[in-house]
Asks: 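Following this message is one structure expressed as structure tokens.
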Amino acid sequence: VPVIEQYLKSQDEKKRLQAVALLQQSETALRRAVELNPYFTQARVLLAGLYKLLAQRLPDRSRVNYDQALTTWETIVRLQPGEFQNYFELALNYYAVKAYTPALVNFEHAEQKLLAGAVVQDSRIADPSQPVAAVIDSARLFLSVFYQSQCALKRNDPKLNDEAKVYASL
């Protein structure tokens with residue numbers, strides 16, 4: 001059976017190399033799209049997501065790709081400062097590289113943008129007596145606040161950076 005295992009490993013490696021090649025083609029196309037229209041944020045969002053994916057798939061270049069994702073999300077936040085999701089994604093990328101202070105700041109911004117957006121939802125404008133809590137996405141609010149707590153803890157106690165050890169100690 002070692003021959004079969006070796007064959008399967010070679011097939012997996014071929015698929016991985018093909019996937020990396022396709023991701024690199026996507027990166028080239030998205031960079032070109034950004035060059036052609038630097039204000040089209042959707043291309044930047046896809047590019048930032050691609051960098052994060054590359055960081056996850058290519059551990060040897062992880063930091064480089066996360067840095068590119070962070071730079072791209074910083075630009076997106078400047079282009080669309082009122083969007084909750086942009087701050088949230090930026091914070092997730094900071095969290096992934098264990099930069100907990102900027103992650104905390106951006107999770108806080110995400111929470112603020114989410115709450116501010118709920119105030120002016122169409123349904124609340126039509127019925128101002130409707131409470132903000134009725135129109136807010138509670139899952140997104142929860143995650144923003146939850147990650148704030150995680151960042152605050154991990155920033156202040158380096159022992160908490162390894163989640164496996166934390167859970168094992170419980």
Asks: Check for me, please, whether F84 and F146 land in the same ILVMFWY cluster - side-chain distances under 4.5 Å, paths through other members count.
Replies: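 In one cluster with F84: F146, yes.
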Asks: Working to the nearest 0.5 angstrom, can you tell me the gap between N106 CG and F88 CZ?
Replies: 11.5 Å
Asks: Taking atom types as modelled and ignoring hydrogens, do the side chains of Q112 and E108 form a donor-acceptor contact shorter than 3.5 angstrom?
Replies: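 Checked: Q112/E108 side chains show no N/O donor-acceptor pair below 3.5 Å.
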Asks: What's the separation between atom NZ in K154 and atom OG1 in T101, rounded to the nearest 0.5 Å?
Replies: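 One finds 13.5 Å between NZ of K154 and OG1 of T101.
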Asks: Under 30°, 30 to 60°, or over 60°: which ring-plane class applies to Y147 and F107, parallel, tilted or perpendicular?
Replies: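 Taking F107 first and then Y147, their aromatic rings lie parallel (interplane angle under 30°).
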Asks: For A43 and L30, work out which heavy atoms get closest and say how close.
Replies: O-CD2, 4.0 Å
Asks: Grab the two heavy atoms, one from A152 and one from N156, that are nearest each other, plus how far apart they are.
Replies: O-ND2, 2.9 Å
Asks: Got P81 and Y87 here, is their nearest side-chain heavy-atom distance under 4.5 Å?
Replies: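 Answer yes - side chains close enough.
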Asks: Look at the side-chain heavy atoms of Ile, Leu, Val, Met, Phe, Trp and Tyr, link any pair under 4.5 Å apart, and say whether Y66 and Y95 land in one connected group.
Replies: no
Asks: Just verifying a value: how many Å separate Q42 CD and L46 CG, rounded to the nearest 0.5 Å?
Replies: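 Answer rounded to 0.5 Å: 4.5 Å.
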Asks: Salt bridge between R31 and E27, side-chain N to carboxylate O under 4.0 Å?
Replies: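 Looking at E27 together with R31, the answer is yes, because their closest N to O distance falls below 4.0 Å.
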Asks: Please name the pair of heavy atoms, one in A69 and one in A48, separated by the smallest distance, quoted to 0.1 Å.
Replies: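 Answer, listing the atom of A69 first, then A48: CB-O, 3.7 Å.
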Asks: Tell me if a side-chain donor or acceptor on Y39 pairs with a main-chain N or O of V34 at a distance below 3.5 Å.
Replies: no
Asks: Which pair of non-hydrogen atoms, one from L50 and one from S26, has the smallest distance, and what is that distance?
Replies: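 Heavy atoms only, the tightest pair is CD2-C, 3.9 Å.
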Asks: Determine, stepwise, if the pair E111 / Q148 fulfils side chain to side chain contact (heavy atoms under 4.5 Å, CB included).
Replies: CA-CA 9 Å; E111 177 190 9; Q148 287 174 47; 2.9 Å; yes
Asks: With R63, which of D67, N65, D60 fulfils side chain to side chain donor-acceptor pair (under 3.5 Å)?
Replies: D67
Asks: When you check the side-chain N and O atoms of T41 and R44, is any donor under 3.5 Å from an acceptor?
Replies: no
Asks: Would a single hydrophobic cluster contain both Y51 and I76, if residues Ile, Leu, Val, Met, Phe, Trp and Tyr are joined by side-chain heavy-atom contacts under 4.5 Å?
Replies: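 No, because I76 and Y51 fall into different hydrophobic clusters, even though each may have its own neighbours under 4.5 Å.
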Asks: Do the non-hydrogen side-chain atoms of L92 and K52 ever get within less than 4.5 Å of each other?
Replies: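 Yes - at least one pair of side-chain heavy atoms lies under 4.5 Å apart.
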Asks: Flag yes if L143 and V145 sit in one hydrophobic cluster, no otherwise; membership is Ile, Leu, Val, Met, Phe, Trp, Tyr, and two members link when side-chain heavy atoms are under 4.5 Å apart.
Replies: yes
Asks: At what distance, to the nearest 0.5 angstrom, does CG of L47 lie from OG1 of T75?
Replies: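 Those atoms lie 10.0 Å apart.
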Asks: Quick one: do L58 and L23 end up in the same hydrophobic cluster if we chain Ile, Leu, Val, Met, Phe, Trp and Tyr together by side-chain heavy atoms under 4.5 Å apart?
Replies: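 Hydrophobic grouping puts L58 with L23.
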Asks: Can you tell me how far the NZ atom of K14 sits from the CD atom of Q18, to the nearest 0.5 Å?
Replies: 8.5 Å
Asks: I need the N86 CG to L79 CG distance, nearest 0.5 Å.
Replies: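 These two atoms lie 9.0 Å from each other.
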Asks: If you define the side chain from C-beta out and look only at heavy atoms, does anything of L54 sit under 4.5 Å from R57?
Replies: no
Asks: Under 3.5 Å, is there a donor-acceptor pair between the side chain of N37 and the main chain of A33?
Replies: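 No, N37 side chain to A33 backbone: no donor-acceptor pair under 3.5 Å.
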Asks: Is R16 salt-bridged to D12, going by a charged N under 4.0 Å from an acidic O?
Replies: no
Asks: Less than 4.5 Å apart, side chain to side chain, heavy atoms only: is that true for Q85 and R140?
Replies: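 SC-SC contact between Q85 and R140 confirmed.
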